[in-house]
Amino acid sequence: MSFAVPFARRGSLVDDSDVAAVARLVSEAGTLSAGEWRDRFERRFAEHVGAKHAMSVTSGTVALELAIQLLDLAPGDEVIATPQTFQATLQPLLDHDVQVRFCDVDPLSLNMDPVVLRTLITERTKAILLVHYAGYPAQMDEIMAIARKHGIIVIEDCAHALGSEYLGRRPGNLADIGCFSFHSTKNITTLGEGGMLTFNRDDWAERVERRRSNEVDGIFVSQANDGEPFLLPWMKFSADVYRMACVGVRRSGTNATLSEAAAAAGLAQLDKLDSMVARRQEIAARLDEVIGSFEGTRLHQTPVGSTHARHLYTFFVEDGRDDLVRSLHGLGVEVQLRYFPLHLTPEWRWRGHRAGECPEAERSWFTSHMNLPCHPGLTDLQVDHLVDAVATSLSKENACRTSMSGSMRVG
Ligand SMILES: *Cc1c(COP(=O)(O)O)cnc(C)c1O
């Protein structure tokens with residue numbers, strides 16, 4: 001089915017500026033992997049976020065995988081996670097022998113509820129995995145206070161939150177590790193796939209660097225280039241090799257390096273971030289205005305002091321949600337319901353999770369919330385159509401509800 005107003009296939013505008021950046025890099029005849037463009041993109045990104053390190057990788061999922069590896073999880077450890085997110089947030093945990101405790105969400109924001117979080121902490125809690133749902137910053141002051149008190153590491157999945165702000169600071173610098181995605185649908189894209197980790201610890205930077213580049217040691221590379229062919233390499237470097245062997249068991253490593261072309265495009269995209277987020281907010285404001293004028297609706301409005309990047313436009317209805325979705329689809333507006341509560345997916349049910357574990361997340365997804373198209377690729381005409389379709393559908397829904405309650409009263 002094709003829609004007059006589709007959900008984002010691209011969440012950002014890819015235009016001449018991105019093409020020019022890639023063309024320039026291609027004409028330079030330098031490396032296409034792990035070069036200057038990657039360094040530049042990472043420096044700019046770190047500055048933007050306000051973190052000491054920004055390290056790019058091939059996707060948001062890989063960023064989360066590497067972040068979770070930094071936790072050194074051991075059997076029996078517990079991780080507290082939000083169920084209201086895309087599956088990639090928690091997927092890497094499926095390979096670890098750990099207990100996941102799902103933390104219900106605050107019904108206003110759909111972010112992890114700090115009040116519930118407090119009740120889930122045990123002495124085995126090693127980490128908290130949260131998302132800034134739709135770009136609405138989570139209650140980080142409360143969450144970090146709890147985490148610091150118990151020595152728990154917090155990973156923020158910032159896949160929606162590039163362009164958001166929380167009390168003057170940016171996601172990616174609100175917890176211990178930030179993970180970003182530059183997938184085609186996200187707020188910026190590195191030509192389809194890409195991701196970033198942000199954090200402040202130097203030892204983590206070293207570990208991520210080794211891990212994302214096959215655990216290759218600079219030291220082994222240099223021995224081929226040092227111009228002293230008669231000295232056997234192991235004689236010269238044995239002390240270092242011995243030292244490294246003592247550091248611990250070597251791991252497999254992987255190649256998760258972002259290509260130069262992707263990094264060049266990422267830099268060009270960052271220049272456009274503010275205007276693209278402004279466009280999202282402009283569309284969201286128009287939707288808020290019309291939806292807020294109907295009874296029985298609730299908006300996804302951020303508190304004063306925070307900025308909502310509107311990666312997803314979310315709102316809530318008291319009843320008739322599914323009829324509303326059908327009506328909007330009939331009028332050519334593509335609606336999505338993000339996200340199905342993760343604890344109810346087969347992989348987590350198989351691990352013992354059940355309905356009732358996160359009542360707010362369940363109630364919201366099954367009866368109340370919905371997501372409308374809201375991205376800079378929409379034309380003014382499409383936005384007008386979207387706003388009209390929403391008004392029409394909500395009026396129909398309201399009329400239906402009034403007549404139903406009227407007939408019930410009569411009966
Ligand atoms: C998109 C997304 C991811 C995964 O990012 P990819 O770059 O697609 O691997 C993770 N978490 C959330 C919340 C996302 O929206």
Side-chain angles (χ1 to χ4, degrees), residues 7-12 14 41 45 54-69 79 81-95 100 102-103 105 109-112 127-138 140 154-164 171-172 174-175 177-198 212 254-259 262-263 265-266 269 277 280 300 308-314 336-343 345 347-348 361 364-365 369 371 373-375:
F7 225 79
R9 303 292 175 266
R10 288 184 191 175
S12 66
V14 181
F41 181 40
F45 201 89
M55 302 187 74
S56 59
V57 287
T58 42
S59 71
T61 302
V62 168
L64 286 152
E65 256 171 48
L66 295 186
I68 286 169
Q69 282 169 9
V79 177
T82 177
Q84 186 41 260
T85 183
F86 179 57
Q87 67 188 67
T89 311
L90 312 188
Q91 213 159 20
L93 291 174
L94 293 168
D95 291 336
V100 171
F102 285 97
C103 178
V105 296
S109 64
L110 300 187
N111 282 325
M112 178 177 279
I128 295 169
L129 261 162
L130 59 84
V131 68
H132 304 292
Y133 173 82
Y136 185 132
M140 296 307 291
V154 180
I155 298 176
E156 35 172 350
D157 180 340
C158 305
H160 301 174
L162 187 58
S164 296
L174 302 173
I177 310 175
C179 296
F180 292 83
S181 164
F182 311 129
H183 179 265
S184 181
T185 56
K186 298 293 158 56
N187 297 3
I188 67 167
T189 185
T190 46
L191 298 182
E193 302 285 353
M196 189 79 82
L197 287 124
T198 57
R212 75 173 172 178
T254 187
N255 177 9
T257 293
L258 194 66
S259 77
Q269 289 270 301
V277 169
R280 288 174 176 277
H300 195 235
H308 190 327
R310 299 290 187 172
H311 173 67
L312 299 172
Y313 181 86
T314 308
Q336 296 198 350
L337 305 179
R338 297 202 182 171
Y339 295 89
F340 184 81
L342 278 184
H343 62 291
T345 57
E347 59 270 36
W348 293 106
S364 187
W365 194 88
H369 89 252
N371 305 108
C374 180
H375 52 91

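Both counts, for ligands and for their atoms, begin at 1 and track the order of listing. Every heavy atom of this structure was used, including side-chain atoms; hydrogens, water molecules and symmetry mates were not.
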Nearest heavy-atom contact between Leu342 and Trp348 is O-CD1, 3.3 Å
Considering all heavy atoms of both residues, which atom of Asn111 and which atom of Tyr136 are nearest to each other, and what is their separation? ND2-O, 2.8 Å
Can you sort out which atoms of ligand 1 are near [X], meaning under 4.0 Å from one of its heavy atoms?
{"X": "Ala159", "answer": "2 (C), 11 (N), 12 (C), 13 (C), 14 (C), 15 (O)"}
{"X": "Thr85", "answer": "13 (C)"}
{"X": "Thr61", "answer": "4 (C), 5 (O), 6 (P), 9 (O)"}
{"X": "Gly60", "answer": "5 (O), 6 (P), 7 (O), 9 (O)"}
{"X": "Ser59", "answer": "7 (O), 9 (O)"}
{"X": "His183", "answer": "7 (O), 8 (O)"}
{"X": "Ser181", "answer": "1 (C), 5 (O), 6 (P), 7 (O), 8 (O)"}

For the aromatic rings, using the six-membered ring if either is Trp, is the centroid distance between His300 and His308 under 6.0 Å? yes
Hits for salt bridge (Lys or Arg N to Asp or Glu O under 4.0 Å) against Arg280, two or more places apart or cross-chain, chain-then-number order -> none
Heavy atom of the protein closest to [atom] (residue, atom name, distance):
{"atom": "atom 1 (C) of ligand 1", "result": "Lys186 NZ, 1.5 Å"}
{"atom": "atom 10 (C) of ligand 1", "result": "Asp157 OD2, 3.5 Å"}
{"atom": "atom 15 (O) of ligand 1", "result": "His160 NE2, 2.9 Å"}

Between the side chains of Thr314 and His369, is a donor N or O closer than 3.5 angstrom to an acceptor N or O? no
By side chain to side chain contact (heavy atoms under 4.5 Å, CB included) - contacts of Thr198 (at least two apart): Phe45, Val49, Ala51, Ala54, Phe180, Met196
Out of curiosity, Arg10 CZ to His375 NE2, how far, rounded to the nearest 0.5 Å? 11.5 Å
Using 0.5 Å steps for rounding, measure from the CZ atom of Phe340 to the CD atom of Gln87. 11.5 Å
When you measure from the heavy atoms of His311 to every atom of ligand 1, does any distance fall below 4.0 Å? no
Does Tyr339 come within less than 4.0 angstrom of ligand 1, counting non-hydrogen atoms of the residue? yes
